[in-house]
Each structure stands twice: as C-alpha cells, then as structure tokens.
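Below: the structure, in structure tokens.
All values reported here derive from a predicted model rather than from experimental measurement. Whatever order the structure lists them in is the order used to number ligands and atoms, beginning at 1.
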Amino acid sequence: MTALTPPPENGGPAGPDYPTALGAATPETITLLGQDLVRDVMGEVSFGELAFWLATQRRPDSGEIRVFEAVLAALADHGFTPTALTARLTFLSAPDSVQGALAAGLLGGGSRFLGVTEDCGHFLHGVLAEADEPKNWDDEASWDALALDAVRRQRAAGRLVPGLGHPVHKRVDPRTPRLFALAREEGRLGPHLRLFAAIGRVHPEVLGRTLPLNGAGVCGAALADLGLPLELLRGFALLARTAGLIGQLAEELRRPMAREVYLSVDRHSRAVPPEPHDP
Ligand SMILES: CC(C)(COP(=O)(O)OP(=O)(O)OC[C@H]1O[C@@H](n2cnc3c(N)ncnc32)[C@H](O)[C@@H]1OP(=O)(O)O)[C@@H](O)C(=O)NCCC(=O)NCCSC(=O)C[C@@](O)(CC(=O)O)C(=O)O
C-alpha cells in the first residue's frame, strides 16, 4: 500500500509521494535542479548548459558546455535533408500544425541519418566495454588495433559502421576535424573520440575504400565522452535539429518550396500495372 504523505508545499491533496529534482512549483516559486528558476536560471544559464544539466543533474563546466554546444550547432541543420523536407511537406499540408511538422521531421532521425549520433555512441561504447585492457593508451597503434578488430567484426556481420560515410561530404565532413579540435582544446578527447579517430585511420584496410567520419558520428562520440546517457544521445541530436527545423519552417513561410516539390513529384507520376508482392 502506498504511504500517504501530508499535503505538499504546492497545496495539492495528501497522496502518494513523487520526488523530482526537475521542475517543482509552489503558488509563488518554481524550483529546477535545486535552483530558483527565476533568480538563478533565467538570464543566468545558457540553454545548452541547462539542457546538459537537465540530462545529467550535474552542472557542466565551461569546457563541457563548449563541446556540448558545438555538438548542438553541428547537428542543427544540414540543408534539404530528409528531416527538413519532411517537416516542410507536412507544414504544406497542415500549416495549422507547427508541432506536426516538427514532429514529422524529427521522426526521421534514424539509423541512416541523424539518429546515428546515438548508434555511433553505442557502437563505440560497446567496443570499449568488450576490450579488457585499460582504455587510456597514448599510442595510436593500440587504438588502431582495437578499431581494426571492431570494423572487421562489423563487416563480417554484414553491418555498416555507424559514423562512416556521408551523402555530400565524400572526403571530409568539415564538422569532424573541428569537433576533434574543440574537444582536444577543452581536455575532452576521451576514449570514444579516440576510438572513432582510429576507425577513421584503419577502415580502408577492411572496407577497401576511404569514407569520411561523419558529423553525426563524431557528435555521438563527443557526447559519450562527455558522459551523457547513451540511451538519450538521439535526444540531443533531435534537440539540435528542432532548432534547425524551426528555421526551415520559418524559411518555408518566407520562401516556400514544399509545394514545388510536391507538384514536381505528383505531376511527373505515371501509372504502371501492379507488381504483385513475391515473398
Ligand atoms: C551516410 C550513408 C547513408 C551515405 O550513403 P551513400 O550511399 O551516399 O554512400 P556511398 O558513399 O555511396 O557508399 C559507397 C560504398 O561504401 C559503402 N558504405 C557506405 N557507408 C558505409 C559504412 N558506414 N560502413 C561500411 N560501408 C559503407 C556503401 O555500402 C557503398 O558500397 P557499395 O554499395 O559496395 O558501393 C552511408 O554511408 C551510411 O549508411 N552510413 C552509416 C550510417 C551513418 O553514419 N549515417 C550518418 C550520415 S550523416 C548524418 O546523419 C548527418 C546528416 O546527414 C543528418 C541529416 O540531416 O539527415 C547531416 O549531415 O547533418
């Protein structure tokens, strides 16, 4: 049986107890993360810092904020990606539903685009967890050996390596070296980023081609090195992309293109006989 507690400070009835370190309100105050929201947070804490703080319930230092906000900037927008096009097309059909357009765009953050931030963080973390030696090597050779084995196993399982390849940046994704440099400057070049860099060096030996380390992947490695919960890494990519999608919708209002995309496909469609499913 649930123990009943006295009426809480917010004036609600006595009942079950639901402790939270997140937002809690009384008729006069709002407490967030142990802070007075109005006095200590509003106008005092950047949104990026708050997002980190909310996810970890610990206040990040300035280096962590810089790397985290660089990740958010990196993933905010990358042009007419599937997420952006989906949001614009949904907005064309439901201009009364900004939330629908944003949600539709965000739903596309998956294993091919954008959601790879989390997939890559998980992949790197799994490789590190399986390696029984300490993961604080200074020499590249040890990282390269670990990476080589990981890429080989991924290849043997017929799986793509998350964080490798890009539809536009065929040689270098410019976000990647910048994030490595920022993490190094801030003393945040941890095992996930080191392993990711090693994958960049060794994968041609296994795959027989050189692919770029992409922005979504390096962001996942950086977020994992910051100690953010692996299960939530897609959430940070989506947080960043939400800002980008708001920009896409704002531009759609000023300079629409979704109607043209729709008409271009619709007016070029052609009826063909059905092709029965052959299981
Ligand atoms: C990204 C892409 C679909 C590109 O495809 P593409 O078809 O253009 O790749 P190609 O270069 O033609 O591949 C040539 C040959 O290499 C093989 N090959 C390719 N990748 C390989 C790999 N990882 N492991 C082994 N083999 C590989 C491939 O199988 C082919 O082999 P073959 O058929 O024999 O010729 C592909 O790499 C891929 O799935 N990567 C893994 C998932 C990943 O990391 N996604 C993140 C993408 S970034 C992102 O999410 C950020 C965002 O985009 C977000 C947004 O906003 O949406 C933004 O920028 O912000």
Side-chain angles (χ1 to χ4, degrees), residues 68-91 101-127 147-180 192-193 195-224 230 233-249 251-252 257-258 261:
F68 182 67
E69 292 192 342
V71 166
L72 296 181
L75 295 177
D77 185 70
H78 199 274
F80 293 129
T81 55
T83 53
L85 289 171
T86 305
R88 284 192 185 230
L89 284 166
T90 306
F91 201 42
L102 292 176
L106 294 177
L107 286 174
S111 61
R112 190 162 292 151
F113 295 122
L114 196 60
V116 175
T117 297
E118 179 168 316
D119 301 356
C120 189
H122 267 295
F123 174 68
L124 298 171
H125 198 77
V127 173
L148 198 57
D149 181 55
V151 176
R152 279 198 179 121
R153 283 194 284 145
Q154 196 74 353
R155 172 77 156 184
R159 289 193 290 261
L160 298 180
V161 181
L164 268 188
H166 196 277
V168 178
H169 308 297
K170 292 296 178 192
R171 207 178 56 79
V172 176
D173 184 329
R175 296 168 290 190
T176 302
R178 177 66 177 141
L179 198 58
F180 271 111
H192 300 87
L193 279 168
L195 177 59
F196 193 55
I199 288 173
R201 290 190 293 271
V202 305
H203 75 272
E205 192 177 327
V206 183
L207 302 183
R209 68 178 86 237
T210 303
L211 296 167
L213 292 172
N214 62 50
V218 74
C219 286
L223 293 175
L230 292 179
L233 295 192
R234 277 192 185 185
F236 302 110
L238 299 177
L239 174 67
R241 189 52 55 94
T242 301
L245 291 182
I246 290 173
Q248 291 284 339
L249 298 183
E251 192 174 81
E252 182 64 22
M257 55 80 78
V261 171

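Among residues two or more places apart in sequence or in another chain, the side-chain hydrogen bond (donor to acceptor under 3.5 Å, both in side chains) test is passed with T83 by T81, R241. H192 is linked by a side-chain hydrogen bond (donor to acceptor under 3.5 Å, both in side chains) to H125, D225, counting only residues two or more places apart in sequence or in another chain.
The T81 neighbourhood of ligand 1 comprises atoms 55 (C), 56 (O), 57 (O), with distances under 4.0 Å to a heavy atom of that residue. Atoms of ligand 1 found under 4.0 Å from any heavy atom of G163 (numbered from 1 in listed order, with element): 43 (C), 44 (O). Close approach of ligand 1 to A216 is summarised as follows: ligand atoms under 4.0 Å from at least one heavy atom of the residue are 49 (C), 50 (O), 51 (C). Residue contact check: L207 has heavy atoms under 4.0 Å from atoms 25 (C) of ligand 1.
Under a 4.0 Å heavy-atom criterion, R175 is in contact with ligand 1. Heavy-atom separations between R155 and ligand 1 are all 4.0 Å or longer.
Considering both main-chain and side-chain atoms, T83 never comes within under 3.5 Å of ligand 1 through any nitrogen or oxygen pair. Residue L164 places at least one N or O, backbone or side chain, under 3.5 Å from an N or O of ligand 1. Here's the thing with L114: one of its N/O atoms is less than 3.5 angstrom from an N/O atom of ligand 1. The shortest N or O to N or O distance between S111 and ligand 1 is not under 3.5 Å. Annotation: V161 places an N or O atom under 3.5 Å from an N or O atom of ligand 1; distance criterion only.
When the heavy-atom distances from atom 27 (C) of ligand 1 to V116, L211, L75 are ranked, the shortest goes to L211.
In this structure a side-chain-to-backbone donor-acceptor pair under 3.5 Å is missing from R159 to Q154. Between the D173 side chain and the G215 main chain, a donor and an acceptor come within less than 3.5 Å of each other.
Protein heavy atom closest to atom 32 (P) of ligand 1, with residue, atom name and distance, is R209 NH2, 3.6 Å.
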